[in-house]
Structure formats: C-alpha cells, structure tokens
Amino acid sequence: MLFHIWNAKMPRLLASVFLMPFIIFLYFSTILLAQKKSEICLRMNNTDFQVDDDSSAADQSNPAISSASDGSFIIIWEDKRSSQNDIYFQRYDSSGQTQENNIRVNDNICGINRPAPDVASAPDGSFEVVWCDGFYPKPDIYLQCYNNSGHRQGDNKKVFNDSGSSNRLDPVVSSSPNGSFVIVWTDYRNGNYDIYFQRYDSAGRTQGANTIANDDTSNSQQYHPAVASSSQGSFLVAWEDKRHGNSDIYMQCYDSDGVKQGGNLKVNDDSFIADRLYPAVTSTSDSTFTVVWDDRRNGNSDIYLQRYDNIGIALGNNDKVNDDSNDSFQSRPAISSCADGSFVVAWQDNRHGNLNSDIYAQKYNADGTKIDSNFLVNNDEMSANQLTPDVSINGNREIICVWKDDRVVEQGYDIFATIMDFDTTGAVPEPDIDISETEHDFGDVPIATTAPWEFTIKNVGTDTLIISKLSLTESVFSVNDSALTLPESASLEITVTYHSDVVGSFHDVLKIHSNDPDEPVVEVLLSARGVFPSQETISILPNPFTPNNDGYNDYVEFKYPNMYTEAAMLQIFNLKGRKVKEINDVRDHQYRWYGKDDDGMDLMPGVYIYILKANGKRLSSGTITLIR
C-alpha cells in the first residue's frame, strides 16, 4: 500500500502577535455568496469552496490540512464564531463530500486564545489535532486524537511533561505509516525559545520524554518548527534559528526511534545577512525530505527549497521556487508530496500588487525539477486577500489547498479551499504540432502531369494551434498557404502537389510555421523526378499510315490518357519546320490525323514531325511517315 500522509504542516504564528498591513477594500457590484458545503460534492470541480459553515462576521484563520491514503482529508482552523478562539475541523471523504458539519476540537470553552492548530492523518483515516491553548498566563500545547469516523478518542490532553510554567507555542504534528506520530513545538523552558518534540505510538501513548532538537548552547532563539515523517518512521525537524544573529533555517534528522542522525544542519546555503522564515517539510516514500522556506536573500521575500536524502545529505543546492521577476513578496510556504516522490509547494504571493495577496503553487518531479511554471490556485475575480495557505496531496493524486480568505463581504475572514488534479493542474495550455510524415518522395512522374500527396497536421497540445504559413521555394511544388486554425485534438489533411514540367530531379522543403512554442517551424522534405512518359503511356499507331480511303490505316492515332484533363495539343510540322496541322479536338483520349493540313487539303507523302504538348509543355515528339 502507498501512503500519502507524511506531509509537514506549515507553522502558524500566534494571531495575537502577528499583524498584517491590510487595506479594507470597497467592493462594488458582485457579491460572492458562500455555498454551504453540505449541498455539493467538491471533488475535482476546480472551484474554490468555503470550508467553515459560519455566516457571521467572525474571523476564521490559520488553516491546516492533512489527507489519508484513501483520498479523504481533514481541514482544521482557528474560529472566532463564539467570540473567542476555538479550534474547528471539517472532514471530507475520498470524493470530496463533507462528513457531518464543522466540529469544535477544544473541550474548554472559556474565553482564551487557541492559535496555531495543526493536523496529521494516519493510513486508516484516524487523525491527531494539536494546538496552542491559553495565551495568558501561559500557553500550553494540547492534543486531541480521533478515529477514522471522526469520533474523539479520550479528552484534550497536554503534550509537555515538565513541571515548569514556560510558554509553548507553534505546535506541528506528523504521522507515520504505522500510525505513530510526533509533535514538535517552540518551548521557553530554558529561558530562551528552543525546539522540542514528543513521540507517540499509534495508540496515542508517549514514547520517551520531551526532547530538544536544536543543539546550540547559546541563549539564541529558535522558532516556528516544521516536521515530516518518512515511510520508515524516521523524521526531519526544521525551524527558524537565530544562533548567528539573523534567522537561518536549521534542521535535524532522526531515525524511527527518535535517535539523532548527525547534528543540526543549516539549510540555507547562502552567506547573506538576511532572514529566512516559516519552514515547511515533506517526505516521500523513498524517505527523501524537502524543506521550503521564506527567504529574504534577494532583498524581497522569495520561496526557496532544499532536498535531502534519507540520512540528511543535501541533494543539489537551494532552489528558488517562485518564478516572478519583480520585487514582490512571497511568504508562508507549504509543501506536500505524492507517493512517487513528486511534490507541490504553495505559498502566499503578492506579485499582482502588495495590497492583494493570492495563493500560488509550483509542482515538481521526484528529482526536484519543476513541472511547468508557477500557477494561481485561487479563482476569485475580486480584490480579495488569500493568506496563510496549507496544502496536501491525497491518495487520488489530488492537490487540496486551503487558505484564509476575505472575499465574502461582511463575513470577515473565512476558510476556503480548492481541489485540483496533480497531473493536469498548473500546466500552461500550449499548442503542439504533430505531422504524420516529415519526408515524401513523389518518385518518377511523367512530364506534363501532376502528382498529389496528402499528409496530416494534428494539434496534440492543450491550446489552439495556428498555422500562420506554409512555404516552398521550388515552383514545381505547390501547397495551400492560407492560415489554418486547429483547436485542441483537431487534425487536417494538407495536399502538396508536384507539377512535372521538365525532365529532371527536384528537391524542396515545405516549412510549416505555427505558434507551437517548442517547434515554431516544422520542415517536410520533398523530392520528385520528372521523366518522359513511357511507351505504355503514349501510343502512336500506325506509323507509317496510308490515308488513301481504302479503309485500312487511313489515319494515325495519338493516344494519351490525360488529354482531357491536361489540355493536350497535337502539332504536325513538315521537314522545313512549317506547321501544317494543329489538332485540339480530343476524342476518347486520342487525336486522329488523316494526312490533311489545316485547310483540309491532302499533304504530300513523306516524313513529318509531330509534337504532343500538355499544359503548355512538350510531352512527346518524333516523326511520322505518310504514304499514299
């Protein structure tokens, strides 16, 4: 069985300390009304849909998502519908249909903050939710386990096991194929912020004690962890680290027993004094890991990634994910992978103006090469903001992306999501020309005749193919050179004609000009040979002939099968070169000469010269003997 569950969730900042400079937009005309999730099946509709079923002006924020191998998925978020921060979730089956309504996770309903939730799914569809509970006087990390029917397994419980009263923030959770899971968080128990984790078995029992991940001995700060578990149960923890003054991204690998594999490693490979923020991690079935983060090395904020093998050795160098060329800001990345190792990165993007954030994404092959280019995820047409995305790829190879969205007027921020097919989403529509044959030899063609040849042009791309020109250089070949338009999957027969005018060999290249970005000009090689017609083609009988009205050999017949279609002409000359007879009256593909001149007078016996023409070209010539 293949699993699609080892995807780290993007860390969430505490809503009470994270402020964004948004401008309130004045909306005109169209108001997008949120559809109730229970009314529709959302699978593969490529339409953004509202996840929370709250229609009040309360804000929902900090969404997270996890999917299982059967294609089902869970979305969780912070929710203020009760005038406080609660944690809610919504379950979806493998077809994208909602299961029940929104459900509250926390069992304490006092008016305190509960920011930064995260969720992880096991192969059987069970899942774990973690969050930060109680901002004052001291925030703690809480856990709630659910079975694959969405039923609670016990009550909310604390994650940490020390006796202090320090802050714990930013929890994230990742599950392994055997159902065990690990929770990672930011912890102030040592007088500065460090990264700690706690391992659990599939029954939710702790395995070992809280363990610190960062190995620096200074009082520097570490924040915003991310975690991903491999198919073998090993896991990688990444975080923001200020041990060098600015924020770098560090990571630590662990085996399935929670034993360190080497020491902490710096992920960003540049030496610029710039900040790197908000790491996210994913793992694939072959236990490779990919870390993504928000990187300020270029002055603005970009998204970078680094891949690692199963023991933490870097594969290649840091690679910039976003492909825009301006100085816009990209931030808050999320990442998820398929069983075959391919993966997708999503992030918050301001390339269309810093007052309007969208969600963009980029697909990758298993070897870390990009698939197509960045693509827009949200499909709203208003000047709304889409923020803080998370992403997961389910067992159906569908990308489910979720984010915070203010498109619905007078409803504050809601949680929106969309479902896209990994294998088609984001592919830039392009025409793709396909030619049935790229070389043709007309062979031997008798002069004064034509030879047609047909080939097929087909558009095998995903956008309209426009043939702008078909060009030839030799006049003996011709083709319709008008512009042609072929929609996706359409095809057309093209006829090239060789006009055999003279004896000899001819070669040409038919150039097909189109809007195919990969092959703007396709060449078709042409060749042909003009030859005299064979004796089997032209017959001249009898020779000599005796036009004496005795009923035998009174005329000579010139037979040619194309006399009608090629406007053939017969001319008779005496030996002095004077034309004495011209015949254009074709009967049964033949000419008959009765030994008379153009005035109907009998010509003297002797040798005469004939010339048979077609299409204005000499087809055959020779002598004929007249005897009386």
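Atom set for the values below is all heavy atoms of this structure, side chains included, hydrogens, waters and symmetry mates excluded. Quick caveat, the model's predicted, so the values are computed rather than measured. Numbers here are sequence positions counted from 1.
Looking at heavy atoms from C-beta onward, Val172 lies out of side-chain contact with Ile183 at the 4.5 angstrom threshold. For the pair Val119/Tyr146, no side-chain contact is recorded, criterion being any heavy-atom separation below 4.5 Å from C-beta on. A 4.5 Å side-chain heavy-atom check between Asn385 and Tyr413 finds at least one atom pair inside the cut-off. Gln50 places none of its side-chain heavy atoms less than 4.5 Å from the side chain of Ile415. Inter-residue side-chain proximity for Phe235 and Ser230 is flagged as unmet; no heavy-atom pair is nearer than 4.5 Å. Between Asp170 and Trp185 there is no side-chain heavy-atom pair separated by less than 4.5 Å. Using a 4.5 Å cut-off on side-chain heavy atoms (C-beta onward), Gln60 and Glu78 make no contact. When side chains are defined from C-beta on, Ser94 counts as touching Asn396, because their heavy atoms get closer than 4.5 Å.
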Step by step, work out the side-chain hydrogen bond (donor to acceptor under 3.5 Å, both in side chains) result for Asn264 and Arg243. CA-CA 12 Å; Asn264 293 177; Arg243 67 181 70 183; 2.9 Å; yes
Chi angles and distances behind the side-chain contact (heavy atoms from CB on, under 4.5 Å) call for Val184, Ile195: CA-CA 7 Å; Val184 188; Ile195 305 302; 3.5 Å; yes
Worked verdict on Tyr196 versus Asn190 for side-chain hydrogen bond (donor to acceptor under 3.5 Å, both in side chains): CA-CA 11 Å; Tyr196 274 77; Asn190 300 319; 3.1 Å; yes
Under the salt bridge (charged side-chain N to carboxylate O under 4.0 Å, His left out) rule, what do Asp390 and Arg332 come out as? Steps first, then yes or no, please. CA-CA 9 Å; Asp390 198 13; Arg332 302 301 291 269; over 6 Å; no
Just do the side-chain hydrogen bond (donor to acceptor under 3.5 Å, both in side chains) check on Asn214 and Asp194 with the steps written out, would you? CA-CA 7 Å; Asn214 52 289; Asp194 294 302; 2.8 Å; yes
Does the pair Phe289 and Tyr308 meet the rule for a ring-ring contact (aromatic ring centres under 6.0 Å, His included), with working shown? CA-CA 5 Å; Phe289 294 95; Tyr308 293 92; 8.3 Å; no
CA sep, side-chain torsions, deciding dist, call: Thr418, Val377, side-chain contact (heavy atoms from CB on, under 4.5 Å): CA-CA 8 Å; Thr418 193; Val377 173; 3.6 Å; yes
Quick one, Val345 with Ile303, criterion side-chain contact (heavy atoms from CB on, under 4.5 Å). Give me CA distance, side-chain angles, the key distance, then yes/no. CA-CA 9 Å; Val345 182; Ile303 307 301; 4.3 Å; yes
Test side-chain contact (heavy atoms from CB on, under 4.5 Å) on Asn322 and Gln362; report intermediate values, then the result. CA-CA 8 Å; Asn322 52 291; Gln362 174 65 57; over 6 Å; no
Apply side-chain hydrogen bond (donor to acceptor under 3.5 Å, both in side chains) to residues Asn101 and Gln90 and explain how you reach the verdict. CA-CA 7 Å; Asn101 296 318; Gln90 178 63 59; over 6 Å; no
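With hydrogens and angles disregarded, a donor-acceptor distance shorter than 3.5 Å links the side chain of Gln306 to the backbone of Asn318. With hydrogens and angles disregarded, no donor-acceptor distance shorter than 3.5 Å links the side chain of Ser82 to the backbone of Lys80. Checked by atom type and distance alone, the side chain of Asn365 never pairs as donor or acceptor with a backbone atom of Gly368 at under 3.5 Å. Remark: side-chain polar atoms of Ser336 are paired, donor with acceptor, to backbone N or O of Ile393 under 3.5 angstrom. Distance alone, capped at 3.5 Å, is enough to place a donor-acceptor pair between the Asp405 side chain and the Arg407 backbone. Not one N or O on the side chain of Asp349 forms a donor-acceptor pair closer than 3.5 Å with the backbone of Tyr360. Gln153 contributes a side-chain N or O that, together with a main-chain N or O of His151, makes up a donor-acceptor pair within less than 3.5 Å. Proximity of a side-chain donor or acceptor of Glu240 to a complementary backbone N or O of Leu277 within less than 3.5 Å is not detected. A side-chain donor-acceptor contact under 3.5 Å links Asp323 to the backbone of Asn374. Distance alone, capped at 3.5 Å, is enough to place a donor-acceptor pair between the Asp70 side chain and the Ser72 backbone.
Looking at residues two or more places apart in sequence or on another chain, you find a ring pair (Phe, Tyr, Trp, His ring centres under 6.0 Å) between Phe181 and Tyr200.
Taking the six-membered ring where the residue is Trp, Trp131 and Tyr142 present parallel rings, their angle staying beneath 30° rather than reaching 60°. A parallel orientation is assigned to the rings of Trp403 and Phe416, their planes being inclined by less than 30° (bins at 30° and 60°).
Within the model, atoms CG of Asp241 and OH of Tyr223 stand 10.5 Å from one another, a figure rounded to the nearest 0.5 Å. To the nearest 0.5 Å, atom NE2 of residue His244 and atom NZ of residue Lys266 are 6.5 Å apart.
Arg152 approaches Val105 most closely through the heavy-atom pair NH1-O, 3.2 Å. Contact between Cys401 and Ala346 at its shortest, heavy atoms only, is SG-CB, 4.1 Å. Heavy-atom minimum distance, Ala226 versus Ala280: CB-CA, 3.7 Å. Closest non-hydrogen pair, Ser175 versus Ser229, comes out as O-CB, 3.6 Å. What you find for Ile75 and Trp77 is that their closest heavy atoms are O-CZ3, 3.4 Å. Of all the heavy atoms in Ile249 and Asn268, the pair that sits closest is N-OD1, 2.9 Å.
With hydrogens and angles left out, the side-chain atoms of Asn378 and Asp358 include a donor and acceptor closer than 3.5 Å. Between the side chains of Glu398 and Asn394, at least one donor-acceptor pair of N or O atoms lies under 3.5 Å. Residues Asp86 and Asn106 bring a donor and an acceptor atom of their side chains to less than 3.5 Å of each other. Side-chain atoms of Ser247 and Lys242 form a donor-acceptor pair, as typed in the model, at a separation below 3.5 Å. Between the side chains of Asn210 and Arg189, at least one donor N or O lies within less than 3.5 Å of an accepting N or O. Remark: the Ser126 side chain and the Asp124 side chain contain an N/O donor-acceptor pair separated by less than 3.5 Å. Looking at Ser176 and Asn178, their side chains never bring a donor and an acceptor atom within 3.5 Å of each other.
Checked options Tyr364, Trp293, Tyr304; the residue passing with Val321 is Tyr364 (criterion: side-chain contact (heavy atoms from CB on, under 4.5 Å)). The one candidate from Asn350, Asp324, Asp294 that meets the side chain to side chain donor-acceptor pair (under 3.5 Å) condition with Gln330 is Asp324. Only one option out of Thr284, Val391, Ile371, Leu305 pairs with Phe343 in a side-chain contact (heavy atoms from CB on, under 4.5 Å); it is Leu305.
In this structure, Arg168 is not positioned above the aromatic face of Tyr188 in the sense of NZ or CZ being under 6.0 Å from the six-membered ring centre and within 45° of the axis.
Between Asp421 and Arg397 no salt bridge is recorded (no basic side-chain N to carboxylate O distance below 4.0 Å). With respect to the salt-bridge test (charged N to carboxylate O, under 4.0 angstrom), the residues Asp270 and Arg296 do not qualify.
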